Amino acid sequence: MLPWQLLNDRNPEDLRGKMEKDKWKKELAESYRSVTDLPGNFKLLKVEEDYFKTGNDRFRLSVPIDYFNLACSNEDDPIRRQFMPQIGEQVTTPWEINDPLGENPHKVTERLIHRYRDRALFLASDTCAMYCRHCFRRDYLSTNPSPLNRVEIENAAKYLRSHSEIKELIISGGDPLMLDDSRLEELLTAFRNSRPDIVFRIASRMPVVLPSRITDSLSNLLSIFKPLFFITQFNHPKELAKSSRQAVSILVNNGIPVFNQAVLLRSVNDSVDVLAELFQELLRSSVKPYYLFQGDLASGTHHLRVSIIRGLEIMKELRTRISGLAMPVYAVDLPGGGGKIPLTESYIQKITDTEIIFKDLSGKEYSYPVES
Ligand SMILES: *Cc1c(COP(=O)(O)O)cnc(C)c1O
């Protein structure tokens with residue numbers, strides 16, 4: 001028996017264990033929450049200074065110190081661009097809107113969005129450990145500060161009970177893991193009781209921005225509610241720091257499958273090399289790349305978007321570089337409520353009565369017969 005096991009066995013209420021369990025709350029409280037919190041030697045870039053000069057700081061800044069420390073002073077630093085606002089956020093292009101996915105008409109209770117027949121999404125929290133500058137629910141997060149209450153949970157549970165066509169429930173927000181373990185347990189219990197058959201998905205960026213949130217006790221709690229999938233958002237290989245890989249492995253070792261939804265972001269990951277490394281390293285951490293999202297048309301996010309034409313080029317090249325297992329689906333959530341659709345360049349050149357002509361990745365043509 002290892003010495004530390006002896007120690008734990010003798011002292012189950014080990015103080016260290018409790019401190020470890022609540023470390024995230026301390027780290028969250030110590031996060032930088034405004035530009036004045038940032039360390040003195042962190043020199044603002046011109047584009048950042050210009051943003052703060054306007055005095056319009058509607059979508060707040062918040063960044064845990066360890067995540068902040070991954071960034072460097074370079075203007076195009078992929079971490080910095082995700083948490084630091086720039087003057088570009090004050091610009092709204094004519095096609096950008098406040099509810100870019102058209103979610104509001106599909107709200108069936110205060111916090112439940114039912115847009116696809118077989119899936120629903122619950123907005124469990126209105127806050128995050130880190131506010132991503134590319135957030136598409138920035139308008140929602142800026143205008144709904146009231147915390148989750150019991151009636152809202154009950155109303156969603158009631159809706160789920162009477163809608164058996166819903167097979168999966170996505171628990172999102174905000175970040176649902178801003179709720180502490182006991183609130184989370186309450187919520188999952190209510191939904192599990194109303195629908196013993198439903199599949200849960202937890203959508204959280206905590207493994208990336210506040211990995212100490214992923215504790216053994218959280219992982220044990222989540223594993224009670226299987227079938228449960230964990231969806232996170234790594235956007236750059238630099239984010240796969242040791243602590244983040246450990247957070248992921250706590251979940252994976254508990255039998256919780258982990259998937260990644262990355263967002264294609266200008267000067268963050270709009271390169272074949274960066275994405276190839278990201279997706280391969282995710283696989284090495286047992287995380288399956290699920291989606292690569294085209295940036296949504298949320299207002300003030302133009303400076304972070306990449307054109308779909310460029311996105312398609314990147315995906316085509318990626319397919320020649322990495323395995324099918326490492327490839328996510330490139331998808332766009334159509335503006336105005338059209339929903340998610342996959343974006344792929346068609347490899348089909350022509351369809352006749354007798355054959356389909358394909359082009360392979362190198363451009364060579366092949367025929368496949370049409371059978372009746
Ligand atoms: C993205 C999303 C889903 C899940 O879509 P999948 O393609 O199954 O991952 C469900 N509901 C809403 C409202 C969504 O935005």
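Residue indices begin at 1 and follow the sequence shown. The analysis underlying the following values was restricted to heavy atoms, covering all of them including side chains, and did not include hydrogens, waters or symmetry mates. As the structure is a prediction and not an experimental result, all values here were calculated from the model.
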What residue pairs, at least two apart or across chains, pass salt bridge (charged side-chain N to carboxylate O under 4.0 Å, His left out) with a residue in residues 82-100? E89-R133, E89-R138, E96-R305
Remaining members of [X]'s ILVMFWY cluster at a side-chain heavy-atom cut-off under 4.5 Å?
X    : result
I357 : none
L283 : L325
F136 : L101

By salt bridge (charged side-chain N to carboxylate O under 4.0 Å, His left out), which residues pair with R266, not counting sequence neighbours? none
Given 3.5 Å as the limit, does a donor-acceptor pair link the side chain of Y116 with the main chain of K340, or not? yes
Main chain of Q233, side chain of R205: is a donor-acceptor contact present, judged purely on distance under 3.5 Å? yes
Any side-chain heavy atom of M206 sitting closer than 4.5 Å to one from F230? no
Under 4.0 Å between a Lys/Arg side-chain N and an Asp/Glu carboxylate O for [X] and [Y]?
X    : Y    : value
D180 : R183 : no
R115 : D333 : yes
R137 : E103 : yes
R321 : D273 : yes
E30  : K26  : yes

Going by the rule side-chain hydrogen bond (donor to acceptor under 3.5 Å, both in side chains), which residues pair with K43 if we only count those two or more places apart in sequence or in a different chain? none
Taking all heavy atoms of S62 and all of A129, pick out the closest pair and write down the distance. OG-O, 3.3 Å
